[in-house]
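Working notes, beginning with the structure itself.
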There are 2 protein chains.
Amino acid sequence: MQLLWLSLLPCLYLASLCSAEQGLEFPSFDGKDRVLHINERNYKKALKRFDMLCLLYHEPQPAHKGRQKQLQMTELVLELTAQVLEDKDIGFGMVDSQKDAKVAKKLGLEEEGSLYIFKDDRVIEFDGEFSADTLVEFLLDVLEDPVELISNPMELRAFERMEEDIRLIGYFKGEDSYYKAFQEASERFQPYIKFFATFDKTAKHLSLKMNEVNFYEPFMEEPAILPGRQLSEMEIVEFVHQHKRATLRKLRAEDMFETWEDNLDGIHIVAFAEEEDPDGYEFLEILKDVARDNTNNPELSIVWIDPDDFPLLTTYWEKTFKVNLFKPQIGVVNVTDADSVWLDMSNDEDLPTAEELEDWIEDVLSGKVNTEDDDDVKDDYDGKMLFLHFP
Amino acid sequence: MQLLWLSLLPCLYLASLCSAEQGLEFPSFDGKDRVLHINERNYKKALKRFDMLCLLYHEPQPAHKGRQKQLQMTELVLELTAQVLEDKDIGFGMVDSQKDAKVAKKLGLEEEGSLYIFKDDRVIEFDGEFSADTLVEFLLDVLEDPVELISNPMELRAFERMEEDIRLIGYFKGEDSYYKAFQEASERFQPYIKFFATFDKTAKHLSLKMNEVNFYEPFMEEPAILPGRQLSEMEIVEFVHQHKRATLRKLRAEDMFETWEDNLDGIHIVAFAEEEDPDGYEFLEILKDVARDNTNNPELSIVWIDPDDFPLLTTYWEKTFKVNLFKPQIGVVNVTDADSVWLDMSNDEDLPTAEELEDWIEDVLSGKVNTEDDDDVKDDYDGKMLFLHFP
C-alpha cells in the first residue's frame, strides 16, 4: 500500500461510506484555495475585508520533506475550516515567520504554530488541538455574543450546571449601565472565560447586588465577589486575572497546549477520570472536595483529564505514564520529559478518601513525592498507600 | 497549492505544531501496514489470532479516481486506529464485497461501509462517524466489561446522571446468580446500551427487588420493570428490544447513521439545542417534559442534536435546513431528500411551552405539518406560531 505520502498525517476522519439517507453529510475539502498567503502588501486589506481574520503563524518552509508535508497538512486543516465557515465572513491566512517577519512583528505574532484571531480591535490566540473540529467549534464560539443574558430560573440552572468553566455573572440595570464595562471586559477573554449578565430578579437567586460581579472558579460553589460600585473595564479585567488560575481545571481541546504550558515549576498534578464511569465520577467528586478545601492555595493546580475527550491520546498516555486509564489515576507529571509518579490505587474497592488525597498532595507540594526519585523503592507509604516510581 | 490529491480528504486534524512540553503528543500514522486484506485463506486464522477482529466491509475497488482515494483514506483511518490500539490485541481487516463475497457471506457481512467487530461469539456492527477518534473510543468501550458494578451511593449518582443513555440496572445476589443471564444479555448490546448491576443495599435507593431488572429510556425518570424472578438471557434481550426505541434520543457519533436510518416513514422530528447554552438548555428541558408525557406513543421519536458535538456539520445543517443553529430549533426532516419544515421560534424571549410543542408535534404526526407543503404560505398558526416552509 502506497501510503507513505501520508505518513505524517496524524489523525484524520471520514464521513460514512454509504448512506441512502440525506442529512448527515460530512464535508470533504473541495480543492478550492481559500487560505491567503499574508505579506506586507495584502495584510491591511485582509484585516479590513473580513469581520474576523485568522492567521496561522508558522515556521519557514522546511527543507525536510516530512516537515513540508506536515505544513501542507496544517494548511489543509485551515482550508477545510475556511470551507466549512465560508458563509461566516471569516478570513484565513498563513504568515511565514521568516519571509513575513516584518508583518508578523507589526501584527504582534510571536508563537510559531499558534493561530491568531483578529476580531475588532482584539487578538485572540488559539493554542489548542489543531483539528478542523476543534477550530470550527472554537471560531463559532468567538462569533457568538461575548455575554449571555440570563433571564429566567431555567437559564440560571443552565448557568449553575457549567461547573467546568470559569464563568462570571453580573447584575446590571440594563444594557445602558455598567454592563457596558462588563461587556468590554468580556471581549478580552472570549471564548475562554464565559460571561453572563442578568437585568432582572433572577439575580436574587444568586444574591447578587446591583452592579456586583461574581467570579466562579471551576468546580467551586462559592464565588469571588467584586462588590457593586462604579465598575470600569480594567477593574473587571484585573479581577479576572487575579482569580483565573484554577485549583482544579479540566483539560480542553481548545486550549490544551496553553494549559499544559501553564505549569508550576515544570510540574503538573494530573488526574485521569472518566466522568461517565461510576468509578471515575466518584473519584472526581473526591477531587472536587479536595480542590474546594484548598482553593486558596496558590501552589496547587490540578489538571483533570477525561480520557473520553481524547481517545487518540489515551493509549499514548497509558504507554508514556505506564498507567491503566480504564481506572481513575492521579499523579505528578514533569512536563519537560513526561516523567511521572502515580498514586497507587490498585485496590478497586477503595478509592482514597479526600483526607488521604490531601496528604498525598501535600507530599507532592513539599517535594516528598516527586518524579526524580527514580530508585526502585516500592515501600508502603504511611502504612496505607503504595507508590510506584517509574523511571 | 497542489492539494488535489487530497481533495477527497474530508476532515483531518493535526497535533500542535510546536511545543517545548511533553505529554500531549497526538499520534501520526507511522506508515506501517497493520490492516489485513481478508480473504478465504486467512480469515479463520485472523479470527483465532486476535481477541477482537474489526472488519471493514467495503465496496469493490472503484474505477473512479476520486472514489479510489476515498477508499484509501478509509483504510488509513483504520490504519491509524490499529496503530493507536496496537497493544490491545485487536485485529483489523478489509473485506472487498466483490472479491471476497464468499467470506463476507460466511461472516454475515451485509452493509457496505459498515465495520463489523468480532468478539467472542458475537458480532457488533459499527455504523457511526468513520473517524479515528470515534472508532478508538468505540473500541475501547467494547474492551471494557459489559456490566458495571454499582456499590455505593456516589456511583449510584453517576448512574442516575447518565440520562442521555439507554441503561439497565439489575439487583442480584452476587456473581453466581441470575446475574450471569444479565451479563450474557449485556454482551449482545455492548457498547450501545449500558448495563449496571448491584449486589448490595445500594439497590434499596432504586427500590429494586432481588433479581429485578429496570430499564431506563433516555431522559425518563421512571423505569420499565422486569420483575424479579428466574431470569433467562433471552427474556432480558426480549425486554430490551421491546423498550429500546426511545421517545427522545441524542444523536451520537458512534451510531449516528444507524439512528438516522431508524426513522418513522422516512421522517425524523429533529431538535437542535446546545446544552451548554442557557437557551438551548431551557428548550431541552421543555422537550424532555414533552417526551416524558408522550413516552407511550410508539409513533413519536425525536432526535436531539447538540451542534457542539458535530462542529463540522453545523454550517452544513444551517445551509441544508435553512435554520440558525445559534438558537434552538425543532423541525421535521425528510431523510430521503433532506427537505424540512421548522417551527418558528424567532421571538427570542418566548420559547414555546410544553403544551405548544405538543400541539405542533400532534400536527406533525397527523400530517398537518409536513415537508411536502411547499407552497409559500406563511400564515399565522393557532394565532400564535408561524411556520415557514422551505421548498
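Here the structure is a predicted model, which means the values were calculated and not measured. A, B, ... follow the sequence lines: proteins, then strands. Residue 1 opens every chain.
Using a 4.5 Å cut-off between heavy atoms, A:Val84 touches chain B through backbone and side chain atoms alike. In this structure, chain B has no heavy atom under 4.5 Å from any part of A:Leu139. Only the side chain of A:Phe196 comes within less than 4.5 Å of a heavy atom in chain B; its backbone stays farther off. Heavy atoms of B:Leu284 lying under 4.5 Å from chain A are absent altogether. Interface remark: A:Glu274 contributes side-chain atoms only to the contact with chain B (heavy atom separation under 4.5 Å).
Counting only heavy atoms from C-beta outward, the side chains of B:Val136 and A:Thr314 never approach each other to under 4.5 Å. Between B:Leu24 and A:Met256, some side-chain heavy-atom pair lies under the 4.5 Å cut-off. Counting heavy atoms from C-beta on, the side chains of B:Glu276 and A:Lys194 come closer than 4.5 Å. In this structure, the side chains of B:Asp308 and A:Glu137 come closer than 4.5 Å at one or more pairs of heavy atoms. Proximity of B:Leu85 to A:Thr315: side-chain heavy atoms (C-beta onward) are separated by under 4.5 Å at one or more points.
Under the 3.5 Å distance criterion, with hydrogens and angles disregarded, a donor-acceptor pair is assigned to the side chains of A:Glu25 and B:Tyr316.
With chain B as the partner, the residue from A:Lys88, A:Lys32, A:Glu86, A:Glu59 showing the most heavy-atom pairs under 4.5 Å is A:Lys88. Taking chain B as the reference chain and counting heavy-atom pairs below 4.5 Å, the highest number among A:Leu313, A:Asn334, A:Leu135 is found for A:Leu313. Chain B forms the most heavy-atom pairs under 4.5 Å with one residue out of A:Ala158, A:Pro278, A:Gly266, and that residue is A:Pro278. Annotation: maximal heavy-atom pairing with chain B below 4.5 Å, among A:Thr134, A:Asp277, A:Ile150, A:Val270, occurs at A:Asp277.
Between A:Leu140 and B:Phe326, the shortest heavy-atom distance links the atoms O-CE2, 3.7 Å.
In summary, A:Arg161 and B:Glu275 engage in a salt bridge, as defined by a charged side-chain N under 4.0 Å from a carboxylate O. Salt bridge absent: A:Glu282 and B:Arg157 never bring a charged side-chain N and a carboxylate O closer than 4.0 Å.
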*Start with the C-alpha gap between A:Asn263 and B:Glu21, add the side-chain angles, then the distance that decides, and say whether side chain to side chain contact (heavy atoms under 4.5 Å, CB included) holds.*
CA-CA 10 Å; A:Asn263 46 62; B:Glu21 284 83 18; 4.2 Å; yes
*Go through the steps to decide whether B:Gln22 and A:Val335 satisfy the test side chain to side chain contact (heavy atoms under 4.5 Å, CB included), and finish with yes or no.*
CA-CA 5 Å; B:Gln22 302 284 311; A:Val335 298; 5.9 Å; no
_side chain to side chain contact (heavy atoms under 4.5 Å, CB included) for B:Tyr281 and A:Glu155? Distances and angles first, verdict last._
CA-CA 7 Å; B:Tyr281 178 79; A:Glu155 292 187 349; over 6 Å; no
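Between atom CG of residue A:Leu312 and atom OG of residue B:Ser131 there is a gap of 8.0 Å, rounded to the nearest 0.5 Å.
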